[in-house]
Each structure stands twice: as structure tokens, then as C-alpha cells.
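To start, the structure under review is shown below, and the notes come after it.
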Amino acid sequence: MLKKYIDISSEVVSALKENKPVVALESTIISHGMPYPVNVETALKVEEIVRGNGAIPATIGIMEGKLKVGLTVEEIEHFAKNDDIVKVSRRDIPFIIAKKLNGATTVAATMIIASLAGIKVFVTGGIGGVHRGAQQSFDISADLMELAKTDVAVVCAGAKSILDIGLTLEYLETQGVPIVGYKTEEFPSFYTRKSGFKVDYRVDTIEELANAVKIKWDLGLKGGLVIGNPIPEEYEMDYDVINRSIEDALYEAKKAGIKGKETTPFLLSKVKKLTEGKSLESNIRLVYNNAEVGAKLAVQLSKL
Ligand code: PSU
Ligand code: MN
């Protein structure tokens with residue numbers, strides 16, 4: 001039944017069959033997160049880092065109405081070059097399949113597809129969350145509900161402060177999603193290592209992390225985990241510079257009346273423009289850093 005909708009590369013199929021470590025990667029970051037050709041270069045380098053750390057990468061997206069797990073280099077190129085690619089979250093999946101469209105998957109959609117394929121670890125840049133002003137707009141990313149119900153560990157550099165990070169963490173607490181800091185007590189905020197908010201649990205080794213992840217799922221405690229892995233210090237941005245850009249981006253979004261699924265891409269592209277090349281370089285480096293931690297986590301989980 002599922003086979004009709006999902007196409008898993010032969011490399012990923014055999015890796016999963018042999019209980020080898022596999023790491024899921026998203027495609028929204030390629031299609032909507034970075035400009036061409038930096039997006040392809042980064043996506044391929046991330047796959048290389050995953051391999052270099054002993055795991056098999058599985059970049060996920062939707063092509064001509066099929067859920068694809070383990071995109072080829074040509075397919076990644078396609079996601080990187082074309083601008084007719086829909087941003088796909090949970091609610092969009094059935095319609096993108098039915099209409100045979102191409103879709104770049106968000107954190108929520110990538111978690112769903114990874115889980116259908118049997119992949120437990122997913123590496124991304126930053127998660128979606130509760131937007132600033134959500135008290136009025138009700139704008140809360142579907143990523144958070146997905147984390148509450150889908151069994152995938154998400155390695156990220158935290159959440160950008162385009163969001164209300166405090167409310168995002170409160171929401172995840174209500175939903176029972178553990179917020180873990182990898183070698184940090186503070187939840188990172190993407191471009192910077194600090195956010196002013198604490199994680200629930202700090203772990204200092206991959207073994208400790210993998211063990212807790214395994215215990216959660218062994219006990220049938222449904223849902224994912226957020227593993228916050230701070231950007232390496234040497235690539236971190238200046239806290240005030242980035243936050244000023246974010247404030248400006250939020251102001252422009254408000255002025256332009258941006259709503260719904262357009263909000264996050266609009267804010268991301270404004271921030272990118274306002275900080276010029278700087279934020280892009282940080283973005284690339286933090287994803288590389290996450291790829292390493294995610295691959296090591298997948299390797300360790302496969303041993304338990
Ligand atoms: N935050 C980032 N970079 C991103 C995203 C969020 O710092 O690329 C993308 C991810 O794919 C995430 C999605 O799942 O935006 C969230 O969109 P929304 O807020 O519409 O749920
Ligand atoms: Mn939203």
C-alpha cells in the first residue's frame with residue numbers, strides 16, 4: 001500500500017534492512033533556505049559529512065507526486081535550481097501527491113516521511129516554532145505538533161529569534177517534547193550560541209544522548225526530541241547585529257501583511273538580505289556541525 005506513494009533509494013533500503021545508521025535530511029532548506037548554487041554544494045557536502053561519520057544520508061522530498069527518500073545528486077540539483085517547488089508541511093502531503101507535484105519538505109513533513117521509511121534521526125538547520133505575536137495571530141508551526149507525535153530525533157542549531165523562543169519552548173514542554181542541549185545548558189538560537197533560555201537536559205556525550213533517546217522510545221513515549229547543537233564559536237554571528245536584522249525583517253513582514261506559510265520564508269529571505277553573505281556562511285557551518293552530531297547519534301543508536 002505504502003509502496004505506491006513512497007520511493008526509497010536502494011542504498012537506504014538495504015541500510016535500513018541491515019540496521020545500519022541512516023540520517024534523514026530535509027529539502028526546504030535547499031529550495032527555500034539558500035540560493036543556488038550554494039544550496040546544492042551545501043546539501044552534497046552535508047551528505048559527505050554524514051558518510052564521513054559512518055552513516056548513510058537520506059535527503060527527502062516529493063517528486064512528481066512520490067515521497068522520495070534518498071534523493072540522487074540530479075534530484076538535489078532539481079530542488080536547488082527550480083522555483084516551482086511547493087513548501088510542504090503535514091497538511092499538504094496528500095494533495096501534492098494527488099496533483100503529482102514537486103514539494104520541498106519542512107521539518108514536519110520530513111519527520112513524517114522519515115518515520116514512514118523507518119529512519120530515526122534527522123538533521124536540519126533550525127526548527128519552526130511559535131511566532132512572535134502568536135497570541136493574536138495563532139501562528140504556530142506544524143513542526144511543533146509533529147515533534148509531539150512522530151518518533152524522530154531532530155538535530156538542529158535551535159530556533160531563530162524570528163520566533164518567540166520562550167513560547168516555543170513552553171509549547172514543546174506542554175507537548176512533552178524533550179529539549180536537549182548537546183554540550184550546552186542554553187538553548188541555541190541558530191546564528192548565535194545563546195538565546196537566554198535553558199534546555200531541559202544537557203548531554204555531553206553521544207552515548208548519553210543515544211541512551212536517553214532509546215529509553216524514551218523503548219517506553220513507548222511517542223514523539224520526537226529537539227537536540228540543540230550550538231553553532232561553533234568561530235562561525236557565530238554578533239548577537240546585536242543579527243537581532244537588529246530580525247527586528248527589521250519582522251517590521252517588513254508586518255507592513256507587507258505576510259501571513260500563513262509565507263511568513264517563515266519571507267522572514268528568512270529578509271534576514272539573509274539584511275545581513276548579506278554573513279548569515280549564509282553561518283547557516284552553512286551550523287548545518288555541517290549538525291550533520292556530524294546527527295551521524296554520530298545514528299551510529300550509536302544502531303549499536304544499542
Ligand atoms: N527555520 C529556519 N530555517 C528554515 C525553516 C525554519 O531557521 O529553513 C524552515 C523549515 O523547513 C521549517 C519550516 O520546518 O521553515 C517552518 O515553516 P512554518 O513556520 O511555516 O511551519
Ligand atoms: Mn506558520
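Quantities reported herein were computed from a predicted structural model and do not represent experimental measurements. Order of appearance sets the numbers: ligands from 1, and atoms from 1 within every ligand. FYI, the numbering just counts along the sequence from 1.
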Is Ala108 in polar range of ligand 1, meaning some N or O pair under 3.5 Å apart? no
Hydrophobic cluster identity match, Ile93 and Ile60, side-chain contacts under 4.5 Å: yes
Given side chains that start at C-beta, do those of Ile242 and Val271 come closer than 4.5 Å, heavy atoms only? yes
Looking at atom 7 (O) of ligand 1, what's its closest protein heavy atom, distance included? Lys160 NZ, 2.5 Å
How far is atom 19 (O) of ligand 1 from its nearest protein heavy atom, and which residue and atom name does that atom have? Thr264 OG1, 2.6 Å
Starting from atom 8 (O) of ligand 1, find the nearest protein heavy-atom neighbour and note its residue, name and distance. Leu268 CD1, 3.7 Å
Under 4.0 Å from any heavy atom of His131, which atoms of ligand 1 are there? 19 (O)
Consider only side-chain N and O atoms of Thr124 and Glu26, and report whether a donor and an acceptor are under 3.5 Å apart. yes
Asn243 side chain to Ser161 side chain, donor-acceptor N/O pair below 3.5 angstrom: yes
Cut-off 3.5 Å, side chains only: do Ser195 and Ser189 have a donor facing an acceptor? no
Identify the closest protein heavy atom to atom 9 (C) of ligand 1: which residue and atom is it, and at what distance? Thr28 CG2, 4.2 Å
Atoms of ligand 1 under 4.0 Å from any heavy atom of Asp143, numbered from 1 in the order shown, are 12 (C), 14 (O), 16 (C)
Based purely on interatomic distance, does Lys87 place a nitrogen or oxygen under 3.5 Å from a nitrogen or oxygen of ligand 1? yes
Give a yes or no on whether a salt bridge exists between Glu64 and Lys100, defined as a side-chain N under 4.0 angstrom from a carboxylate O. no
Could you pull out the atom name of the N/O/S atom in Asp139 that is nearest the Mn ion (ligand 2)? OD1
Protein residue, atom and distance nearest to atom 1 (N) of ligand 1, heavy-atom basis: Gly126 O, 3.6 Å
Any salt bridge linking Glu207 with Lys296? Criterion: basic side-chain nitrogen under 4.0 Å from a carboxylate oxygen. no
Residue, atom name and distance, where the atom is the protein heavy atom closest to atom 21 (O) of ligand 1: Ser141 OG, 2.7 Å
Atom of Leu163, atom of Val130 and distance for their closest heavy-atom approach: CB-O, 3.5 Å
If you scan protein heavy atoms around atom 11 (O) of ligand 1, the nearest is Glu26 OE1, 3.0 Å
